[in-house]
Amino acid sequence: MERKIIHIDMDAFYASVEQRDNPELRGKPIAVGGGEHRGVTTTASYEARKFGVRSAMPGFKAKQLCPQLIFVKPRFDVYGTVSKQVRAIFEEYTNLIEPLSLDEAFLDVTSNKKAIMYATDVAKQIMAQVHQELDLTCSAGVSYCKFLAKVASGYQKPNGLTIIRPTQAEAFLESLPIKDFFGVGKVTARKMEAMGIHHGRDLKRFTKIELAQRFGKMGPYFYDIVRGIDDRPVNPSRIRKSVGIERTLNEDLNSVEDIEPILQNLSRKFYERLKRVDNFGRTITLKLKTSDFQTITRSHSKKYFIKDEDEITSIALSLLNENQDSFEKIRLIGLTASKLEKEDQPESTQLTLDL
Ligand code: TTP
Ligand code: MG
């Protein structure tokens, strides 16, 4: 049976929450982030985007483009709460929810709790409910697979609903710019452009083997998605796969000497946390977010569960030292343990029975 997948993505998420909670900001160009002098923009209101202000743009550049721009400090706790409220709305329709970040998720509504026949109607109802209950807007994409649903949700932003039917998929994908393919990052896009691949139709000229040779594991995936083949299930991530902790630095730091004491301190808290939940892992991952919001993760694994506080700290510090060439300025550091002793039983079997 053909699946019915919806991808939902909140519009200008952080900025919309700020405009909702502070009427003085409504209708105005705002940038949520570090401000004019320090740091970068996490996101901008649609009023600011008209001037070219974008995510990950340094504050001074944003101000140059839009002199009347208002800078607003992020309130991450509020965005987390709103994200849970949005999720609660999704749960009225399905348990098959796969969040990709705070503001976007896939939903499988093939059989939904309200027995609504058309996925398009489910999407319309969710959009209306988000608007009524949370005073925010989102955009939705509806299709038979995750990839197309994701592309569709971005097609008519903000407050847009786009449906891609199986019969439309091929033509749609042929004319889709390569950078808009889900999974094609900046680096891959550049590589493809160099190979003369600008749109889906250009990608189609390469065989599966050729793509595997050039793009490794992603090659066969690209081969399939450009043909509208994507059988990946919506994966409800109920399973605890990692335990982690992170901290945003007071100021961006670039020298290992400055970062080390903070990492040591974080490692101590991390150990306390692992002990409290009584769940240790075989893999320790260091996460670094750079000042331009790139995320770097580096991991170290052992055959045993790493339970010794000093060992955890020494792994964290080595990961930092070994990778100091990978970053210039760091704004956030985090530590995660995975390959856990107690990985909860997957709930997905039960969720499928629910429907
Ligand atoms: P996005 O969904 O990419 O952007 P958006 O919701 O602000 O705007 P739209 O979807 O309408 O195009 O990201 C969701 C939130 O994640 C965004 O509000 C802020 C945060 N974010 C960052 O902190 N840094 C980034 O580089 C990006 C892209 C987003
Ligand atoms: Mg969004």
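Model, not experiment: these values are computed from the prediction.
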His198: which residues meet the side chain to side chain donor-acceptor pair (under 3.5 Å) condition with it, sequence neighbours left out? Glu193
Minimum heavy-atom distance Ser153-His7, with the two atoms named: OG-ND1, 2.7 Å
[X] bridged to [Y] by N-O distance under 4.0 Å:
{"X": "Lys204", "Y": "Glu174", "result": "yes"}
{"X": "Arg75", "Y": "Glu18", "result": "yes"}
{"X": "Asp278", "Y": "Lys275", "result": "no"}

Do [X] and [Y] sit in the same hydrophobic cluster, where Ile, Leu, Val, Met, Phe, Trp and Tyr count as joined when their side-chain heavy atoms come under 4.5 Å apart?
{"X": "Val53", "Y": "Met10", "answer": "no"}
{"X": "Leu332", "Y": "Leu266", "answer": "no"}
{"X": "Tyr46", "Y": "Met57", "answer": "no"}
{"X": "Met117", "Y": "Leu161", "answer": "no"}

Could you tell me if Ser16 and Arg26 have a donor-acceptor pair between their side chains, going purely by distance under 3.5 Å?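 Side-chain D/A pair, Arg26 to Ser16: absent.
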Should we count OH of Tyr118 as having more than 12 external heavy atoms under 6.0 Å? no
Does Arg268 make a cation-pi contact with Phe270, if we ask for NZ or CZ under 6.0 Å from the ring centre and within 45° of the axis?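 Judged by the rule (NZ or CZ under 6.0 Å from the ring centre, within 45° of its axis), Arg268 is not positioned above Phe270.
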Mutual orientation of the aromatic rings belonging to Phe280 and Tyr271 [parallel < 30°, tilted 30-60°, perpendicular > 60°]: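 Plane angle between 30° and 60°, so tilted.
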